[in-house]
Amino acid sequence: QVHLVESGGGLVQAGDSLRLSCAASGRTFHNYAMGWFRQAPGKEREFVAAINWNTVSYYEPSVKGRFTISRDNAKNMVYLQMNSLKPEDTAVYYCAARASSTYVPTSGYVYWGQGTQVTVPS
């Protein structure tokens, strides 16, 4: 069982930055691929970014160059640094985990956090 807890969300102005954190339980944390997903009101949950066991990462095109996913295995932590935030980034952001794959996975995640709200008003 993997338990995930997100934090760091909030209300910020367009152009500002936020850093989301995800605390993970388990001794085998370093073997998991970790991902960030988001869900806006009335929309389906969508993939944002993911990082594999070897720190190779992959991003949804709309956040590439603005967001950076990273992990600190010694602390069992995953982060999402979000810069140049836009109103369209407004959503509940979820941390997720699954077994690592040969390439960075964008689906098949099994464990999920409770979510943290990010709001960027127009």
Review point. Just by distance, do the side chain of Glu60 and the backbone of Phe47 share a donor-acceptor pair under 3.5 Å?
Key: no

Check your understanding: Taking side chain as C-beta onward, heavy atoms only, is Val5 less than 4.5 Å from Gln114?
Key -> yes

Practice item. For Val92 and Gly115, work out which heavy atoms get closest and say how close. Key: CG1-CA, 3.8 Å

Review point. So which heavy atom on Ala99 is nearest to which on Tyr32, and how close?
Key: N-CD2, 3.9 Å

Review point. Out of curiosity, does Met77 fall in the hydrophobic cluster containing Phe37 (side-chain heavy atoms, cut-off under 4.5 Å, transitive links)?
Key: no

Check your understanding: Does the side chain of Val56 reach to within under 4.5 Å of the side chain of Ile51, using non-hydrogen atoms?
Key -> no

Practice item. Would you name the heavy atoms of Ser17 and Asn83 that are closest together and state the gap between them? Key: OG-OD1, 2.9 Å

Check your understanding: If two hydrophobic side chains count as joined below 4.5 Å and joins carry through other members, does Val110 share a cluster with Trp112?
Key -> no

Practice item. Could you tell me whether the side chain of Tyr58 reaches within less than 4.5 Å of the side chain of Ile69, counting heavy atoms only? Key: no

Review point. Quick one: are Gln81 and Ser70 in side-chain contact, heavy atoms under 4.5 Å?
Key: no

Exercise for review: Return each pair, listed once, that meets side-chain hydrogen bond (donor to acceptor under 3.5 Å, both in side chains) where at least one residue sits in residues 96-106; pairs must be two or more places apart or across chains.
Suggested key: Asn52-Ser100

Review point. If you measure from OG1 on Thr119 to CD on Gln13, what distance do you get to the nearest 0.5 Å?
Key: 11.0 Å

Point to revise | Ser21 side chain near Glu6 side chain, heavy-atom distance below 4.5 Å | key: no

Review point. Which heavy-atom pair separates Pro105 from Ala50 by the least distance, and what is that distance?
Key: O-CB, 3.5 Å

Practice item. Start with the C-alpha distance between Trp36 and Phe67, add both sets of side-chain angles, then the distance that settles ring-ring contact (aromatic ring centres under 6.0 Å, His included), and finish with yes or no. Key: CA-CA 11 Å; Trp36 286 97; Phe67 292 9; 9.9 Å; no

Check your understanding: Would a distance-only check, ignoring hydrogens and angles, find a side-chain to backbone donor-acceptor pair under 3.5 Å from Ser25 to His3?
Key -> yes

Exercise for review: If a pair satisfies side-chain hydrogen bond (donor to acceptor under 3.5 Å, both in side chains) and one of its residues is in residues 87-96, list it, with sequence neighbours excluded.
Suggested key: Arg38-Asp89, Arg38-Tyr93, Arg66-Asp89

Practice item. Indicate, with yes or no, if Tyr109 and Val63 share a hydrophobic cluster defined by side-chain heavy-atom contacts under 4.5 Å among Ile, Leu, Val, Met, Phe, Trp and Tyr. Key: no

Point to revise | Residue pair Tyr79 / Leu20, side-chain heavy-atom distance below 4.5 Å | key: no

Review point. In this structure, are over 12 heavy atoms from other groups packed under 6.0 Å from Lys64 atom NZ?
Key: yes

Review point. How many angstroms lie between atom CG of Asn76 and atom CE of Met34, to the nearest 0.5 angstrom?
Key: 9.5 Å

Review point. When hydrophobic residues are tied together by side-chain contacts of less than 4.5 Å, even through go-betweens, does Val104 share a cluster with Val78?
Key: no

Practice item. Quick one: closest heavy-atom pair of Pro121 and Pro87, and the distance? Key: O-CG, 4.0 Å

Point to revise | Cation over ring face, Arg71 and Trp53, 6.0 Å, 45° | key: no

